[in-house]
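Report on the following structure.
None of the values given here were measured: they were computed from a predicted structure. Counting convention: from 1, in listed order, for ligands and their atoms alike.
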Amino acid sequence: MPRKTPTALSVWRPLNLDQFLLGAPHYPEHVDESLRQRDAERLAASGANTVRMGEFAWNIWEPMEGRFSFDLFDRAIAVLGKEGIKTILCTPTATPPRWLTVNYPEVLRVDANGRVAGHGSRQHADTTSPVFRTHSRRITRAMADHYRDNPHVIGWQTDNELNTTASESYSASCRLEFQKYLSHVYPDIHAVNHAWGGHFWALAYDTFAQIDLPRQMAPGFISPGHLQDYHRFLAHATAMFQHDQVEILRAINPDWFIFHNLGNLADIDFRGQFGQDLDFIGFDIYPMLYDEFRRTGGLGPTQALHLDLCRAYSGNFIVPEQASGFGSQPGFSTMTPEPGEMRRMALSSVARGADGLMFFRWRPAHFGAEIYWMGVIDHDDVPRRRYEEATQFFGEMNRLAPEILGTHVRMDVGIAGADFDNQEAHKTYPMGMPSPLEDAILLHRHCYTQGIACGFIHPEDDLTRLKVLYVPHWVMWKLEWTARVDAFVAQGGTLILSALTATRDVHNHIPTEQAPVGLSALAGVKVYEFGRLAGPDASGLFPPWPDRYVGAYAPGSVPDAASASRKYRFSFGNQEFTAGHLYEKLELAPGTEVLGQWTNRWLEGSPAITSRKHGKGRVVYVGTYLTPELAAQLAETVCQPAGAVPLLPHLPEGVEVSVRQAEDRVLYFIQNTTDLTVLVKGVVAGTDLLTGQSVAGDLTLASYGCAVVKAT
Ligand code: GAL
């Protein structure tokens with residue numbers, strides 16, 4: 001099918017496909033050929049239309065340097081194609097074969113301690129390596145040439161979850177590439193010295209060739225400018241690595257769509273070149289894995305958080321890997337979805353912007369480091385409940401696709417997100433404070449639980465559809481964003497700015513103006529003084545040392561310290577709160593109102609939270625960090641009057657709701673994330689598209705039950 005050129009990256013952007021992709025990643029190289037026909041028939045019978053293949057099979061595509069072999073995949077693609085199943089191919093660069101790492105050992109990734117990656121798992125090659133890039137281009141071209149006219153191959157995934165296992169490299173060639181990058185970005189070495197603060201600790205360089213990678217054994221803390229540029233460089237190198245592949249694929253067949261399956265966003269600037277090169281984003285979803293690893297508050301909010309973060313970069317997306325069952329690698333394992341939960345989690349993905357979804361994986365592997373990562377079909381080739389649920393879900397999506405495609409996810413409360421520089425700026429200088437994301441999660445989780453339409457958005461995106469925009473401690477505020485938020489407020493929006501916003505420039509320098517720089521006129525406040533407080537649930541100031549480079553803040557992880565008793569309190573909306581992490585003493589411009597005040601110690605009586613009217617809207621400034629209680633109060637006192645109210649009046653615990661809409665339709669996605677039957681009251685009048693039944697008022701959802709109500 002001819003490819004439709006995607007529109008500019010935006011959280012509101014629909015996918016540029018007319019079809020809802022449904023299927024599974026498939027590994028024909030892992031199973032006996034005698035099973036292929038039945039696989040194809042079962043896939044077709046389930047309602048699937050697509051498989052993804054080949055991302056780890058470089059040793060099969062190119063068993064010896066320059067000698068290619070396509071037979072195995074040609075046959076697999078043809079058998080599937082005959083049953084109507086299309087194939088997405090992947091460039092196999094996540095797993096270079098052994099001959100490559102033997103013949104070109106310089107492509108191996110090197111860690112911060114100088115240890116060279118061995119051959120034995122995956123993502124062991126250094127994507128910054130020019131030699132590896134040459135091989136990546138070679139294999140991409142060979143595969144693309146071979147499949148140029150294959151009618152069953154419809155698109156490509158680049159690599160697999162770039163940077164998920166490791167994103168940094170400290171190899172000799174990486175150092176050279178870093179120096180080269182800097183010499184393009186900066187006019188001369190003096191500019192680097194200025195940016196990194198060369199006169200601080202005598203760090204200045206005489207030439208680009210003297211510059212090192214920022215190693216942990218520095219042995220003290222690295223200059224934030226140096227660290228920030230290293231991560232900008234890694235993001236640039238990752239984008240260039242992918243760009244090579246995209247250029248080749250587009251030139252060979254312009255009708256193929258191209259995406260990447262993100263696992264996390266380490267050193268990927270998706271709103272930059274990386275995302276601009278692609279048709280859409282793919283985001284792999286393993287809610288049970290994330291929840292256990294990151295302890296983010298339960299399956300429902302965790303999945304919603306990941307999806308909302310991902311959508312902020314580029315709008316609707318596909319899920320190339322959605323957890324189907326129990327999963328494990330040798331060192332960990334996840335909980336197991338209960339009956340009905342696999343479909344529920346899939347519908348939760350659709351509810352938050354998935355316009356295509358594949359269950360990981362069609363069959364489990366019988367060997368290797370993921371033998372217990374279950375698939376849709378079991379090891380003994382018997383389709384059981386996961387096949388039934390996949391079949392049910394695929395059938396439902398095939399029916400609902402015309403309603404769902406073309407809609408965007410409603411968002412009343414937008415949290416500023418998707419900004420690579422601010423994410424990295426925090427990491428260069430975390431000070432044991434929550435990152436912007438760690439702070440924002442508190443507001444996101446509150447909105448999720450209350451059923452308020454909330455997500456993430458970049459300030460350069462279209463803000464007009466929001467009611468509220470919350471900016472979580474973005475230290476690097478670009479001056480050109482001020483005009484955008486000014487217009488948003490003037491037209492009736494509510495902007496909430498939080499402590500430390502707009503306090504550094506792009507080099508992590510602190511400007512000489514009073515904070516928030518570029519925003520103080522709009523907010524009607526200036527920061528007179530700021531100071532550190534213990535986290536509300538912590539007893540001291542420091543994160544554990546090993547985490548000091550990544551900035552993970554660990555509540556309660558250190559023994560009692562005197563600072564713990566220094567609780568600063570403030571009042572806001574008839575309640576008193578204990579402040580967490582930071583206080584700011586604010587100076588107000590005439591006309592700025594006080595919404596909350598500090599109520600004890602030396603700050604007693606000073607404003608803590610302010611509001612300034614501007615045009616039809618207002619700017620609220622919060623001179624501290626969020627706590628769960630403050631997030632709830634902000635939602636009630638600031639978001640609700642701005643029109644950001646729950647989508648349903650009575651959301652029972654464990655039920656989630658979100659809305660996808662287009663000009664002519666509004667779809668309420670309601671999912672029961674619990675194993676108990678629940679009664680949802682006050683549901684809008686309409687038709688549940690999953691059952692065809694009309695709904696108005698009460699809706700009973702059985703264990704993991706879901707409804708997609710099209711409002712009349
Ligand atoms: C993903 C990855 C897959 C597989 C899966 C389960 O992150 O892309 O290849 O490893 O996790 O572990």
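Of the protein's heavy atoms, Y286 OH, 3.3 Å lies nearest to atom 5 (C) of ligand 1. Of all protein heavy atoms, the one closest to atom 2 (C) of ligand 1 is E321 OE1, 3.3 Å. In terms of protein heavy-atom proximity, atom 7 (O) of ligand 1 is nearest to E161 OE1, 2.5 Å. The single protein non-hydrogen atom nearest to atom 9 (O) of ligand 1 is R122 NH1, 2.9 Å, given as residue, atom name and distance. Protein heavy atom in closest approach to atom 10 (O) of ligand 1: E370 OE2, 2.4 Å.
Close contacts between ligand 1 and Q329 involve ligand atoms 10 (O), 12 (O) [criterion: under 4.0 Å to a heavy atom]. Short contacts between ligand 1 and N160, defined as distances under 4.0 Å to a heavy atom of the residue, involve ligand atoms 2 (C), 8 (O), 9 (O). Of all the atoms in ligand 1, the ones that sit under 4.0 Å from a non-hydrogen atom of F56 are 9 (O). Those atoms of ligand 1 with a heavy atom of D284 less than 4.0 angstrom away are 8 (O).
With Y27 as the aromatic partner, R361 meets the cation-pi criteria of under 6.0 angstrom to the ring centre and within 45 degrees of the ring axis.
Contacts with ligand 1 closer than 4.0 Å are made by no heavy atom of T164, backbone or side chain.
Considering both main-chain and side-chain atoms, Y27 never comes within under 3.5 Å of ligand 1 through any nitrogen or oxygen pair. For ligand 1, none of its N or O atoms has an N or O atom of E55 under 3.5 Å away.
Side-chain atoms of E656 never come within 3.5 Å of backbone atoms of Q671 as a donor-acceptor pair (strictly under, hydrogens ignored). In this structure, the side chain of N59 does not engage the main chain of P63 through any donor-acceptor pair within 3.5 Å.
For the residue pair N160/N261, the side-chain donor-acceptor check at 3.5 Å is satisfied. Residues Q242 and T158 have side chains that bring a donor and an acceptor to within less than 3.5 angstrom of each other.
Screening Q245, R133, E55 for a side chain to side chain donor-acceptor pair (under 3.5 Å) involving T93 leaves a single residue, Q245.
By the 30° and 60° cut-offs, the orientation of the rings of W362 relative to Y387 is perpendicular.
A pairwise comparison of heavy atoms in T95 and F56 identifies OG1-CA, 3.2 Å as the closest pair.
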